[in-house]
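Beneath this line is the structure, given in C-alpha cells, with notes to follow.
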There are 2 protein chains.
Amino acid sequence: MKTRDRILQVSLLLFNEEGEAQLSSVDVANALEISPGNLYYHFKGKDAIIRALYERFEEEMRVILRGSSGGVASIEDNWVYIYILLEEIYDFRFFYRDLAGLIARYPDLAGRFRALIAEKRQTILRILDDLARLDVIDIDPRLMPPLTDQIITTLTFWLAGDSLTRESHDGPALIHKTVFQVMCLIVPYMGKDGHGALSGMIRHFKETQS
Amino acid sequence: MKTRDRILQVSLLLFNEEGEAQLSSVDVANALEISPGNLYYHFKGKDAIIRALYERFEEEMRVILRGSSGGVASIEDNWVYIYILLEEIYDFRFFYRDLAGLIARYPDLAGRFRALIAEKRQTILRILDDLARLDVIDIDPRLMPPLTDQIITTLTFWLAGDSLTRESHDGPALIHKTVFQVMCLIVPYMGKDGHGALSGMIRHFKETQS
DNA sequence: GTCTATACGACGATAGAC
DNA sequence: GTCTATCGTCGTATAGAC
C-alpha cells in the first residue's frame, strides 16, 4: 500500500499548490511518474482521492474542535487556539480556496462540510460563553450569534479573501494576520482591558512579521 | 442587436440560478432555443459573455460606490447604503457564489475584481471615517483597518457563506440578515447609543422577516 | 443572422498484456 | 501492481449552406 499513500501525499501537495480544479487525474499521475491506469487501480478517479483527503482533514479537525473543551480560558489561550485551527485549515487549504466549486463538484461532501462548520460554530459559541462567564469579555447576549457567525465567516474565507487583495501574503504571515483579525472582533467587548490587549497584539504582530 | 441582448439576459438568469461553472455555451444556446453556431456568431464563447456581464456589473457598482460621497452621514443612511450595495451584488450573484473558481477560469477578470474591491475598501474606510468625525461612532484608529477588512469580507462572502449553513435563506431574507450582520460589527463602537440602535435593528429585522 | 454538421481536444474510464 | 492502448463523452470552435 505504498503507492496509495504516495498518491494522497502528492495530490495534497499539488492541490494546495495549484488548485484542485486546475488538475486532472492524469496530471496527478504524471507528477507521480506513474501511468493513469495505475492511478485508477488505486483510486477510482479524482473523486476518490478528494474524498480520502477530506476524510483525513475532517478527522483531524474534529480532534482540534474537541480539544477546546475547557482548554480556552483566557484571551491568550484563545489566540493560540485560533492559531492551531488555522494551521490545520492551511494544511488542507485547497478545500478552502474554492469551496463553492468543490462542493458543486462533489455534492456528497457538502453535507459533511456543513456539519463540520456547524460543529465549529458550536465550539466558538461555547468558548465565547466561557469567556463571558469568566468576565474576560462583556457582551450583549443578542450580539453573541452575530459575533459567532462573523468569526466563522473569517475562519472560512480568510484564504479566499487573501487572493482578492492586491498584495498576497505567504502562509505564515496570512495565518498571523487572520488571528489578529479574529482577535480584533473580540477586543471591543473587553472593555478597558481591550486597549491593552490590542497594544499587546500589535506588538506581537509586528515582531513576528519581521 | 436583439439576440445579443437576449443572450446576455438569459445567461445572467441561468448563471445566477444554476451556477456559471455548471453551464456550457451549448446549454445557454439551448435555453435560448438558438443554435450553438448562432451563439458563437454573437459571442466568441462563454468567456465573452462572462466578460460582457462583468462589464455591466462593474459599471453599476462604481456608480453606487461613487454615490456614497457625503451621502452616508448617519447610522440609518449606512443601513440603507449597505442594502443598496447588497442588492446590486445579488443581481449578479453568480460572480460571488464561486469567486475563486471564476477568477481561475478568467484570470483577466482577477485584476479588475481586485481593483473593484480595493475601491470598495476605500469607500468603507471613508464612510467609517465620516461617522467617527460626526461622533456617531467612537473607535480606536488602530481598529479601523481591521474593521474595514471585516466588512469587506462579509460583503464579499455572504452568498458563499449562506450555502454552507444548514438552512439557506431566500434572497431578500439573506440580504436583510447580511445588513444586520454588518451593522452588528459597528454597534460596539456606538457607545451607549449602540444598545438602542441594536434594539431598533432587531425590531426592524423581525418585522421584515414576517 | 441563423442554421446544420463536423472537427478537435481534454478528460474520465476500462481492457488486456506484462 | 503497473503498464500501454483505446474508447466514449463532452465542451469548444469553425465551415459552409440558407
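By convention in this document, chain letters (A, B, ...) are assigned in the order of the sequence lines, proteins followed by strands, and residues within each chain are numbered from 1.
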Would you check, one step at a time, whether the test ring-ring contact (aromatic ring centres under 6.0 Å, His included) holds for F113(A) with Y96(A)? CA-CA 11 Å; F113(A) 219 104; Y96(A) 285 82; 5.5 Å; yes
Sugar-phosphate means primed atoms, P, OP1 and OP2; the rest is base. With that split, encode nucleotides 1-13 of chain D 5' to 3' as B, S or - using protein heavy atoms under 4.0 Å. BBBB------SBB
Using a strict cut-off of less than 4.0 Å between a Lys/Arg side-chain nitrogen and an Asp/Glu carboxylate oxygen, indicate whether R112(B) and E55(B) qualify as a salt bridge. yes
Taking every non-hydrogen atom, the tightest pair across I175(A) and L86(A): O-CD1, 3.6 Å
Determine the interplanar angle of the F92(B) and F57(B) rings, folded into 0 to 90°, and report it as parallel if under 30°, tilted if 30 to 60°, perpendicular if over 60°. tilted
Got a sec, which residues hit salt bridge (Lys or Arg N to Asp or Glu O under 4.0 Å) with R142(A), two or more places apart in sequence or on another chain? D140(A)
Cation over ring, R93(A) on Y90(A), under 6.0 Å and within 45°? yes
Salt bridge check, D149(A) against K177(B): does any charged N sit closer than 4.0 Å to a carboxylate O? yes
Using five base pairs at each end to define the local axes, how bent is the helix from dG1(C)-dC18(D) to dC18(C)-dG1(D), to the nearest 10°? 10°
With a 4.0 Å cut-off, would you call R51(A) and D108(A) a salt bridge? yes
Rounding to an integer number of Å, can you tell me how far F43(A) CZ sits from dT14(C) P? 16 Å
